[in-house]
Amino acid sequence: VSADPDSAANTWDAGLTGNALRVAAALRTHGPCTRGQLVQATGLSRPTVSSTLTELLRAGLVVDETRAASGAAGGRPAALARLSRAAGVAVGVDVGRRHVRVAVADLGHEVLAEREVRLAQDADDHPDNVLDLATALVADVLSEVDIGHSDMVGVGLGLPAPITNDGRIGSPMLLPAWADRDPGAELARRLSTPVRVDNDANVGALGEHRWGAGQDCADLVYVKVGTGIGAGIVLSGRLYRGAVGTAGELGHVTLDARGPVCRCGNRGCLELTAGGRALLEHARATQPQLADLDGLVALAAGGDPGCRRLLADAGTQLGLALGGLVNLLNPQRIVIGGPLSAAFNLLRAPIHRGLSDTSMPAAAGGVDVVPAKLGERASALGSVALVLGDPVVTTRAPLAHVPPVASPG
Ligand SMILES: [Zn+2]
């Protein structure tokens, strides 16, 4: 949780107080809302919500939208209020081992632009280069959609490591070159904007929850299966971070207490059998030319029996580990993301097999296991969602004083 106290004032400082601030904060957190949803989210009366919306419409901060009601065909169109681009924009930065991706959305939750750069070197080893590149990329994306730097209310940063509540790397062994850094503060300094940092799977969960396969689902687990395996847990519509912020390290759940030692220092972690690093190592025994996980997925899709077997076994192990989580949390949906989600049709049955071996029938039967919808965009969009759902990130804005609002519906 890093914020630059010297950041320039943003549009939220422009005279918003009282009910206007409260309604705007609810719209920023929840996206386009009906009057009824705003009444529920703000605790204000319907006439007060209506008059406040009129005030915000006149100020150009809110626009009126009418959309077909979701669900019932031919249902009455719902009048929605959403924050306009004039209210400001939020930026998300996703750092992976070999990429930096940036997304920008307005505070009305409309995604305006995205851009990605592939890295020649591992991001793990070059934090300064990565932060410089991210800074340049943010400037590029903003200028692409003709938005000024001062319209940026905050930046979310997703990193491939457990992140503690104070924005530090929670397990130095997992991202050694970043371990002594304060990445949020360093990016905030470069951008002169408040920055909030979180784990890549956590922001992936936020992204899928806001825009992807986790929409309209209050209790979900997003699993990012790539080089490592991480989970982002959303409970009652909110990201669950745990006491120090590192909840969801599914890849380091021990499946075999006498198994090989993992890079985290424990034995027999899920990552050692189902993580991308392990899968590639095994696959290369018969396919030495294999470049990356995408290649492995492509071979499996093309019928290679060894690669299919590796993915099936990985699915079973994943299911076994998820079973414990299903027993404890009873989620409604498990969203499989990351590079391996492209092989979801090969993973689905083995995941269910593993799940049913380690979880109660009622809980296992009540959970949908589905592929992610956003693909490689999930973590950048989720980093945007980190800012949208977090008015405190605008340190100097009065929004910080608005009490948290309940989620509508
Ligand atoms: Zn481990």
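One is the number of the first residue; the rest follow in order along the sequence. For ligands, and for the atoms within them, numbers begin at 1 and follow the listed sequence.
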Quick one: name the protein N/O/S atoms under 2.8 Å from the Zn ion (ligand 1), chain by chain.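 Protein N, O or S atoms closer than 2.8 Å to the Zn ion (ligand 1): H252 ND1, C262 SG, C264 SG, C269 SG.
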If you measure from the Lys or Arg side-chain nitrogens to the Asp or Glu carboxylate oxygens, is any gap between [X] and [Y] under 4.0 Å?
{"X": "D182", "Y": "R189", "result": "no"}
{"X": "D198", "Y": "R241", "result": "yes"}
{"X": "R377", "Y": "E114", "result": "yes"}
{"X": "E110", "Y": "R82", "result": "yes"}

For Q37 and H30, which I'm curious about, is there any donor-acceptor pair between the side chains at under 3.5 Å?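 On atom types as modelled, these side chains do not qualify, holding no pair under 3.5 Å.
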Derivation and outcome, salt bridge (Lys or Arg N to Asp or Glu O under 4.0 Å), residues E186 and R181: CA-CA 8 Å; E186 291 177 38; R181 314 291 291 258; 2.8 Å; yes
